[in-house]
Amino acid sequence: MVKAVPSRAPNFSKLDDATLDLVRQAVKRRHNAAQQTLDLSDFSHDPELTAQHVFFPLNRYAMLSNVVDIVRKTFPEVIAVDLSKNRLHALEGLSSLRKAAPALKGLNLSNNEIRGMSEFDKVRGLAIQELLLAGNPVSSSIKDHSTLVRYDS
């Protein structure tokens, strides 16, 4: 006899210190100090994390918020962040990025799952000069990209 037991989703809101330490190390490895950039693309498939059986999807609010907090504490001088290929559909986890990385000028959100223009209200106030959105459902509906990006001189 086979008994089916429903699986439980991992609890993404409570992270232990060991997991957070592995994530901090992964974020540090992806930082380019010379260019002041941070490549967080396809983060849930980071080889070091997967080798430790750590699944850290940035499309979960708590996960993305934790990474933004790591940026705030460790790399506030970062000028470009690549968040492509993370299956992001909501940008609420990035709402504190303006304070975490005040020098941020470039944000790559390409190849995610952003569908609605209302998502950009959650990151309003970022003084970015370059916003990459290709490969998102919302990108085909944007006629004037200047409404999303404020160019500072």
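Residue numbers count from 1 along this sequence.
- A salt bridge does not link Arg30 with Asp82: every distance from a Lys NZ or Arg NE/NH1/NH2 to an Asp or Glu carboxylate oxygen is 4.0 Å or more.
- Residues Asn59 and Asn86 form no side-chain contact, since every pair of their non-hydrogen atoms from C-beta on lies 4.5 Å or further apart.
- Contact annotation: the side chain of Leu107 never approaches that of Leu132 to less than 4.5 Å [non-hydrogen atoms, C-beta and beyond].
- Closest non-hydrogen pair, Glu113 versus Arg87, comes out as OE2-NE, 3.4 Å.
- In this structure, Asn66 contributes its side chain and Ala62 its backbone to a donor-acceptor pair below 3.5 Å.
- Considering CD1 of Ile79 and CD of Glu130, their distance stands at 10.5 Å, rounded to 0.5 Å.
- Residues Asn136 and Ser139 have side chains that never bring a donor and an acceptor to within less than 3.5 angstrom of each other.
- Note that the OH atom of Tyr61 and the OG atom of Ser95 stand 5.0 Å from one another [nearest 0.5 Å].
- To the nearest 0.5 Å, atoms CD1 (Ile114) and OG (Ser118) are separated by 11.0 Å.
- For the pair Glu119 (side chain) and Leu91 (backbone), a donor-acceptor distance under 3.5 Å is present.
- Gln36 and Asn32 share no donor-acceptor pair across their side chains, judged by distance under 3.5 Å alone.
- Put simply, the side chain of Leu133 reaches to within 4.5 Å of the side chain of Leu131, judged on heavy atoms.
- Rounding to the nearest 0.5 angstrom, the gap separating the NE2 atom in His45 from the CZ atom in Phe55 is 7.0 Å.
- Looking at heavy atoms from C-beta onward, Asp46 lies out of side-chain contact with Phe56 at the 4.5 angstrom threshold.
- Within the 4.5 Å cutoff, the side chain of Lys28 has heavy atoms near those of the Thr74 side chain.
- Between Leu94 and Leu126, the closest side-chain pair of non-hydrogen atoms is not below 4.5 Å.
- Separation of atoms CG (Asp69) and CG (Leu97) is listed at 11.5 Å; rounding is to 0.5 Å.
- At least one side-chain heavy atom of Val138 sits under 4.5 Å from a side-chain heavy atom of Phe120.
- No donor-acceptor pair under 3.5 Å is formed between the side chain of Asn111 and the backbone N or O of Lys85.
- Of all heavy-atom pairs between Gly93 and Val68, the closest is O-CG2, 3.5 Å.
- Taking a 6.0 Å sphere around NZ of Lys99, one finds it holds 12 or fewer heavy atoms contributed by other residues, nucleotides or ligands.
- Put simply, the side chain of Lys105 does not reach to within 4.5 Å of the side chain of Ile128, judged on heavy atoms.
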Test side chain to side chain contact (heavy atoms under 4.5 Å, CB included) on Phe43 and Leu49 and set out the steps.
CA-CA 9 Å; Phe43 196 74; Leu49 292 177; 3.7 Å; yes
Checking Val71 against Val81 for the side chain to side chain contact (heavy atoms under 4.5 Å, CB included) test, could you report, in this order, the C-alpha distance in whole Å, the side-chain angles of both residues, the deciding distance, and whether it holds?
CA-CA 10 Å; Val71 170; Val81 176; 5.6 Å; no
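- Atom OG of Ser41 is separated from atom CG of Leu83 by 8.5 Å, given to the nearest 0.5 angstrom.
- In the displayed structure, Arg29 atom CZ is contacted under 6.0 Å by more than 12 heavy atoms of other residues, nucleotides or ligands.
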